[in-house]
Colleague: 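Questions regarding the structure given below will be posed in turn.
Numbers restart at 1 for each chain; the letters A, B, ... are given by sequence-line order, proteins then strands. Hydrogens, waters and symmetry mates play no part in the numbers below; they use all other heavy atoms, side chains included.
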Amino acid sequence: VSLESQAVFSEILTSTLNDEETSEILEIFRTVGILPWLSQSANRCKSIELKPLVWHGKNEVYGLYSFKDDEIKVALTRSTGSFNQPFEWGRIERLSHVAKNATEAIQRTLVHELGHHIHGRLRSHNKLRFGLSLRSIITNGASQYGKLDVYEYFAECFVAWVYHRTEFAVYDSTGYATLSAVLKELGIEVNDLGYSNFING
Amino acid sequence: MTLGTQILSTGKNESQPNHSFSTLSLELTEHALDGILTEERYDEILTTLYPMLQSQHVYLEAYLRLVYEGEPAWRDKHLTKLKSVF
């Protein structure tokens, strides 16, 4: 783990992987460029857990975020079919399923949970916008999972912002504008990873 | 009568499981974060949404997120039930 990452994660990270494997997963935070924001004491989450799956089969759980506990949990195993899927906006089950391999899928889930964490931080800045203002636009979400409620919509929007920003602007312009304003309000600047494995749906 | 029991008694939103989930998750989460959610209402919302989980209209992951928005002492019975079924 880089010195920058160590400073952010040393007190909050629990991982069943070795240091090298853990670093590979967490590298996404540096790649996205979120570490400067996340390292500020007011923006840190309480804990990040990287552990094997607890829930299996049809009801696999890839990640969990608790607004109340401010905790991120991400599963370290992915079944076949939960990655390397063709991306059709609005039809893909989750944006993590577009990942090219299991490691990228885990990283995308980490970004999704980070999206929840950012949403939680938004609450202290603008409570009204936290939930209600998104209700009318969740049907434009990039994934089926993102259409479930405002929280999953916001988290999937953040994944879209990181990985598929061009498509996000085209297919959900209102969500794009909302997230853009939210990130600006919170002082968050993240890189556009510019993935292009997109099939026009 | 609460929204949860209205949905249960009228079946009004049975054809729109996402709408019901969205509405109740918003109430549970916002009230939990405002510190005004009661254990009774928490149990009621999770019980209302449970059939949608069983029928796979709701993802376990999203349901679990709601379980974890309750006070730690409230969660165990719901987590135990989920672990015994899924």
Side-chain angles (χ1 to χ4, degrees), chain A residues 46-47 49 53-75 82 93-94 96 109 112-113 115-117 119-124 127-139 141 143-156, chain B residues 3-4 7 13 16-39 41-42 45-46 48-76 78-86:
Chain A
K46 189 176 171 186
S47 74
E49 290 184 9
L53 271 179
V54 174
W55 309 86
H56 299 271
K58 285 184 292 187
N59 290 287
E60 268 188 352
V61 172
Y62 305 116
L64 280 174
Y65 180 76
S66 166
F67 288 103
K68 193 169 189 64
D69 296 340
D70 201 10
E71 292 178 345
I72 290 174
K73 301 176 195 287
V74 172
S82 70
E93 188 174 329
R94 301 168 193 244
S96 68
T109 297
H112 173 100
E113 305 309 332
H116 284 308
H117 177 64
H119 199 182
R121 282 294 167 276
L122 178 64
R123 193 173 202 269
S124 61
K127 187 178 171 184
L128 180 63
R129 198 191 295 165
F130 184 72
L132 294 176
S133 67
L134 297 173
R135 292 191 74 186
S136 62
I137 59 173
I138 66 172
T139 53
S143 68
Q144 294 295 323
Y145 194 58
K147 296 176 185 179
L148 193 58
D149 68 7
V150 293
Y151 309 105
E152 300 308 337
Y153 173 78
F154 187 98
E156 286 291 77
Chain B
L3 176 61
I7 290 169
N13 287 300
Q16 298 175 297
N18 278 13
H19 176 74
S20 300
F21 183 86
S22 179
T23 300
L24 293 175
S25 80
L26 190 65
E27 178 192 334
L28 189 152
T29 305
E30 292 289 337
H31 286 188
L33 294 176
D34 283 338
I36 59 173
L37 182 68
T38 64
E39 183 175 8
R41 184 62 183 142
Y42 168 81
I45 290 174
L46 291 177
T48 300
L49 295 176
Y50 189 74
M52 298 177 206
L53 180 63
Q54 286 181 304
S55 62
Q56 298 189 26
H57 284 106
V58 162
Y59 294 84
L60 175 59
E61 192 169 314
Y63 189 89
L64 274 170
R65 198 195 72 230
L66 298 186
V67 172
Y68 278 101
E69 296 310 332
E71 296 294 333
W74 304 352
R75 301 171 187 170
D76 278 353
H78 296 283
L79 289 172
T80 301
K81 181 179 176 182
L82 291 171
K83 284 173 182 169
S84 70
V85 175
F86 296 103

Colleague: For side-chain hydrogen bond (donor to acceptor under 3.5 Å, both in side chains), just list the numbers for B/Thr29 and B/Glu69, CA-CA rounded to whole Å, side-chain angles, deciding distance to a tenth of an Å, and then say yes or no.
Modeller: CA-CA 6 Å; B/Thr29 305; B/Glu69 296 310 332; 5.5 Å; no

Colleague: Quick one: what part of A/Glu93 sits under 4.5 Å from any heavy atom of chain B, side chain, backbone, both or neither?
Modeller: both

Colleague: Given side chains that start at C-beta, do those of B/Leu33 and A/Arg123 come closer than 4.5 Å, heavy atoms only?
Modeller: yes

Colleague: Which answer fits A/Tyr62, side chain, backbone, both or neither, if we ask what part of it has an atom under 4.5 Å from a heavy atom of chain B?
Modeller: both

Colleague: Show the nearest heavy-atom pair for residues B/His78 and B/Tyr42, with the distance to one decimal.
Modeller: CD2-CE2, 3.6 Å

Colleague: Quick one: what part of B/Leu66 sits under 4.5 Å from any heavy atom of chain A, side chain, backbone, both or neither?
Modeller: neither

Colleague: Among A/His116, A/Glu113, A/His117, which residue satisfies the side-chain hydrogen bond (donor to acceptor under 3.5 Å, both in side chains) criterion with A/Tyr65?
Modeller: A/His117

